[in-house]
Amino acid sequence: MKTQSSATDRPAIAVSTRAGTSTGSRADTPAGSRADAPAGTPAGAPVGAPQASGAGTLLAALGVVAFSLTFPATAWGLEGFGPWSLVAVRSVLAALIAGGCLLALRVPLPARRHWAGLAVVAAGVVVGFPLLTTLALRTSTTAHAAVVVGLLPLTTALLSALRMGTRPSRTFWAAALAGAAAVVAFTVQQSGGALTTADLYLFGALLVCAAGYTEGGRLARVMPGWQVIGWALVLCLPLTVVGAALALAHEPVHLTAHSVAGLLWVAAGSQFLGLVVWYRGMALIGIPKASQLQLAQPLLTLVWSVLLLGEHLTPAAPLTAAAVLVCIAVTQRARG
């Protein structure tokens with residue numbers, strides 16, 4: 001008589017190793033885990049929770065408000081600090097906050113392969129963008145800067161396509177070029193027919209920040225976004241400490257209520273806490289919906305420039321900001 005092997009005639013079953021846990025391929029994954037999540041669910045979002053949760057929308061909106069205050073707060077900071085001092089000190093303070101959070105939560109060091117990407121984030125977001133925009137705001141109004149930097153999402157999309165090989169539609173690129181043309185026309189009109197030094201600083205800030213955002217977005221696939229900016233800040237700490245010491249020794253400091261408040265906001269609010277609530281909001285409601293909220297950022301900055309700084313807007317500023325807003329909204333729909 002032919003004997004059958006028990007290894008072949010036994011039906012495959014999941015053997016429970018402890019209460020509520022199985023060793024089968026599907027039973028391995030507890031209900032509600034990432035394997036049960038639909039495609040496109042943001043990392044960290046609880047499965048089954050509504051994408052448009054009120055808490056996520058509120059957190060993402062708070063992030064946008066924090067970012068929209070960056071230029072007015074920088075203008076306040078420049079009342080008492082030199083541009084180099086302001087950038088260096090804000091980075092040191094933000095790094096101390098970030099480092100404290102990383103230590104308190106016992107976050108392990110990133111893998112060695114991620115340090116090059118973190119260096120790009122640090123160069124673009126921690127050093128390059130704050131420094132170039134601060135230099136620009138010495139001679140440019142915050143309203144003017146807000147409109148120019150309103151092109152940042154489109155610049156980021158271009159560098160992302162080059163870096164990561166994405167292929168946006170023709171509609172996307174048509175809207176992107178229209179937004180770019182509106183911003184260039186605005187800057188030339190505002191500067192009397194030629195680009196100013198402040199405009200060159202702002203366009204340079206767009207490029208370095210877009211590079212930092214692109215690399216940060218890539219890293220955020222493998223680590224929480226707040227850790228990306230946290231480690232980038234810590235990576236820059238040796239450089240920014242030396243820079244702060246040198247800058248404070250050569251640039252006069254006149255502490256006022258405005259300058260201190262501006263410094264504290266750009267350090268704690270814009271460069272760290274704003275990013276914490278922003279990334280958490282994205283995790284809860286998803287990147288597409290959160291990005292729609294960020295379309296209001298240039299217009300919010302225009303409002304703050306009037307309320308906090310007493311600037312007077314020319315008709316071209318809100319009209320150009322609205323045109324860029326429409327172009328970016330088209331790109332968001334085209335990418336979907």
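All values below come from the heavy atoms of this structure, side chains included, with hydrogens, waters and symmetry mates left out. Along the sequence shown, residues are numbered consecutively beginning with 1.
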In terms of hydrophobic clustering (I, L, V, M, F, W, Y; side-chain heavy atoms under 4.5 Å; direct or indirect links), are V253 and V92 co-clustered?
-> no

Please lay out, stage by stage, how T197 and T139 fare under the test side chain to side chain contact (heavy atoms under 4.5 Å, CB included).
-> CA-CA 9 Å; T197 301; T139 56; 5.9 Å; no

Going hydrophobic residue to hydrophobic residue with side-chain gaps under 4.5 angstrom, can you get from L308 over to V65?
-> yes

Which value, rounded to the nearest 0.5 Å, describes the distance between L206 atom CG and L159 atom CG?
-> 10.0 Å

Please tell me if the side chains of I229 and V126 come closer than 4.5 Å, counting only heavy atoms from C-beta onward.
-> yes

Looking at side-chain heavy atoms only, is the closest gap between L248 and W84 below 4.5 Å?
-> no

Heavy-atom closest contact (S305 atom, T142 atom, distance) = CB-OG1, 2.9 Å

Just wondering, do R90 and T74 contact through their side chains at under 4.5 Å, heavy atoms?
-> yes

Under 4.5 Å between any side-chain heavy atoms of P298 and V324, yes or no?
-> no

Indicate yes or no: at least one non-hydrogen side-chain atom of F186 is less than 4.5 angstrom from one of H144.
-> yes

Working to the nearest 0.5 Å, report the span between CH2 of W231 and CG of L109.
-> 4.5 Å

Would you indicate whether the side-chain heavy atoms of F203 and L207 approach each other to under 4.5 Å?
-> no

For C209, enumerate each residue passing the side chain to side chain contact (heavy atoms under 4.5 Å, CB included) test, keeping only those at least two apart in sequence or located in another chain.
-> F129, L152, Y213

Would you sort out whether S270 and T70 count as a side chain to side chain donor-acceptor pair (under 3.5 Å), showing the intermediate values?
-> CA-CA 6 Å; S270 301; T70 299; 2.8 Å; yes

Shortest non-hydrogen separation from A98 to G230 and the atoms involved | CB-CA, 3.8 Å

ILVMFWY cluster, V89 and V260 together (side-chain gap under 4.5 Å) = yes

Worked verdict on H254 versus F81 for ring pair (Phe, Tyr, Trp, His ring centres under 6.0 Å) | CA-CA 7 Å; H254 305 288; F81 294 90; 9.7 Å; no

Separation between CG (L86) and OG (S91), nearest 0.5 Å, reads 9.0 Å

To the nearest 0.5 Å, what is the distance between CG (L96) and CG (L233)?
-> 10.0 Å

Show your working on side chain to side chain contact (heavy atoms under 4.5 Å, CB included) between T134 and L78 and close with a plain yes or no.
-> CA-CA 8 Å; T134 300; L78 287 172; 3.7 Å; yes

Tell me yes or no: between the side chains of W76 and S259, is some donor less than 3.5 Å from an acceptor?
-> no

Are L273 and L300 joined in one hydrophobic group, where the rule is that I, L, V, M, F, W and Y side chains link up if heavy atoms are under 4.5 Å apart?
-> yes

Of all the heavy-atom pairs spanning A323 and A182, show the shortest one and how long it is.
-> CB-CB, 4.5 Å

Check: E311 side chain, A143 main-chain N or O, donor-acceptor pair, under 3.5 Å | yes

Working to the nearest 0.5 Å, report the span between OG1 of T141 and CG of L309.
-> 9.5 Å

Is there a donor-acceptor contact under 3.5 Å from the side chain of T133 to the main chain of P130?
-> yes

If you round to the nearest 0.5 Å, how far is CZ of F272 from SG of C101?
-> 4.0 Å

Side chain to side chain contact (heavy atoms under 4.5 Å, CB included) partner of L202, the single match among L132, L135, V149 = V149

Determine the minimum heavy-atom distance between A232 and A122, stating which atoms define it.
-> O-CB, 3.7 Å

Do E251 and S85 have side-chain atoms, one donor and one acceptor, less than 3.5 Å apart?
-> yes

Do you know the tightest heavy-atom contact between G212 and V121?
-> O-CG2, 3.6 Å

If two hydrophobic side chains count as joined below 4.5 Å and joins carry through other members, does V277 share a cluster with V266?
-> no

So F67 and T301, side chain to side chain contact (heavy atoms under 4.5 Å, CB included) or not? Walk me through it.
-> CA-CA 9 Å; F67 301 150; T301 300; over 6 Å; no

Is the shortest heavy-atom distance from the side chain of V306 to the side chain of L302 under 4.5 Å?
-> no

Return the minimal non-hydrogen interatomic distance between P318 and L299, and the atom names on each side.
-> O-CD2, 4.5 Å

Sidechain-backbone polar pair: Q227 side chain, V107 backbone, donor-acceptor under 3.5 Å | no

Should W304 and S68 count as side-chain neighbours, where that means a heavy-atom distance under 4.5 Å?
-> yes

